[in-house]
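The next block holds one structure in the form of structure tokens; read it before the comments.
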Amino acid sequence: MAVHNTVEEREMMKVIDHLPVADEEKQAWVKRIREEGLSEELLDEIQKKLTPAEDSENNLMRVQHTTEISRLARRWRLAKSLQHK
């Protein structure tokens, strides 16, 4: 069942579209967010996938995306905690 996605979840879907990972993974992540909402498990999965490799040529891009995802994750956690009060 689809959930009403928050602003943070919609922004996360936009960021995921630009990540340097396989299209299948990006589509699966976006689908999970649309259907179930963002979760800590999904955030962990995305962040692990973006961990820079020592010999990777696009480490700077990965670090930038990781920073953006971390920022959105903090906003999402804050909004989630405020909803439950």
Side-chain angles (χ1 to χ4, degrees):
M1 183 174 146
V3 297
H4 175 71
N5 294 120
T6 64
V7 172
E8 292 80 13
E9 290 170 332
R10 290 191 299 267
E11 286 184 31
M12 184 67 74
M13 288 187 274
K14 290 178 187 175
V15 170
I16 287 172
D17 267 345
H18 299 345
L19 296 180
V21 296
D23 286 340
E24 295 82 23
E25 273 187 302
K26 291 190 280 189
Q27 291 170 358
W29 291 338
V30 169
K31 182 179 177 184
R32 282 175 62 186
I33 293 172
R34 278 196 184 116
E35 293 177 356
E36 304 166 12
L38 194 56
S39 66
E40 291 293 337
E41 295 81 22
L42 182 56
L43 282 171
D44 288 342
E45 184 179 327
I46 293 169
Q47 289 175 333
K48 284 179 186 174
K49 189 67 175 184
L50 289 178
T51 302
E54 290 182 23
D55 59 346
S56 179
E57 66 277 353
N58 55 355
N59 274 345
L60 180 60
M61 185 179 0
R62 286 180 183 270
V63 169
Q64 289 172 338
H65 289 304
T66 301
T67 303
E68 181 69 12
I69 287 173
S70 296
R71 183 185 66 78
L72 286 171
R74 280 193 306 272
R75 281 182 46 199
W76 172 75
R77 286 181 186 115
L78 177 63
K80 186 176 162 184
S81 70
L82 291 174
Q83 287 176 349
H84 292 292
K85 288 188 176 188

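The figures here come from the full heavy-atom set of this structure, side chains too, leaving out hydrogens, waters and symmetry mates.
Looking only at side-chain heavy atoms (C-beta outward), E45 and W29 come within less than 4.5 Å of each other. Looking only at side-chain heavy atoms (C-beta outward), L43 and S70 stay at 4.5 Å or farther from each other. Side chains of R34 and K31 form no contact here, defined as non-hydrogen atoms less than 4.5 Å apart. Put simply, the side chain of E40 reaches to within 4.5 Å of the side chain of W76, judged on heavy atoms.
Checking side-chain atoms of N5 against main-chain N and O of I33 turns up a donor-acceptor pair under 3.5 Å. Although no hydrogens or angles enter the test, the distance criterion places a donor-acceptor pair under 3.5 Å between the side chain of R62 and the main chain of K49.
In this structure, M12 and A73 approach most closely via the heavy-atom pair CE-N, 4.2 Å.
By the 4.0 Å N-to-carboxylate-O rule, R75 lies close enough to E11 to be salt-bridged with it. The residues K26 and D23 are annotated as salt-bridged, a charged nitrogen and a carboxylate oxygen being separated by less than 4.0 angstrom. Using a 4.0 Å cut-off between a side-chain N of Lys or Arg and a carboxylate O of Asp or Glu, R32 and E9 do not qualify as a salt bridge. Note on E8 versus K80: no salt bridge recorded, every NZ/NE/NH1/NH2 to OD/OE distance being 4.0 Å or above.
In terms of hydrophobic clustering, with Ile, Leu, Val, Met, Phe, Trp and Tyr side chains grouped at heavy-atom distances under 4.5 Å, V15 and L38 are assigned to a common cluster. Under the 4.5 Å side-chain heavy-atom criterion for ILVMFWY residues, no single connected hydrophobic cluster contains both I16 and V7.
Here the CG atom belonging to D17 is positioned 9.0 Å from the CD atom belonging to Q27, to the nearest 0.5 angstrom.
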Next item on the list: Report the C-alpha distance between T6 and R10 in whole Å, list the side-chain angles of each, state the deciding distance to 0.1 Å, and finish with yes or no for side-chain contact (heavy atoms from CB on, under 4.5 Å).
Entry: CA-CA 6 Å; T6 64; R10 290 191 299 267; 5.9 Å; no

Derivation of the side-chain contact (heavy atoms from CB on, under 4.5 Å) call for L19 and I46
CA-CA 10 Å; L19 296 180; I46 293 169; 4.2 Å; yes

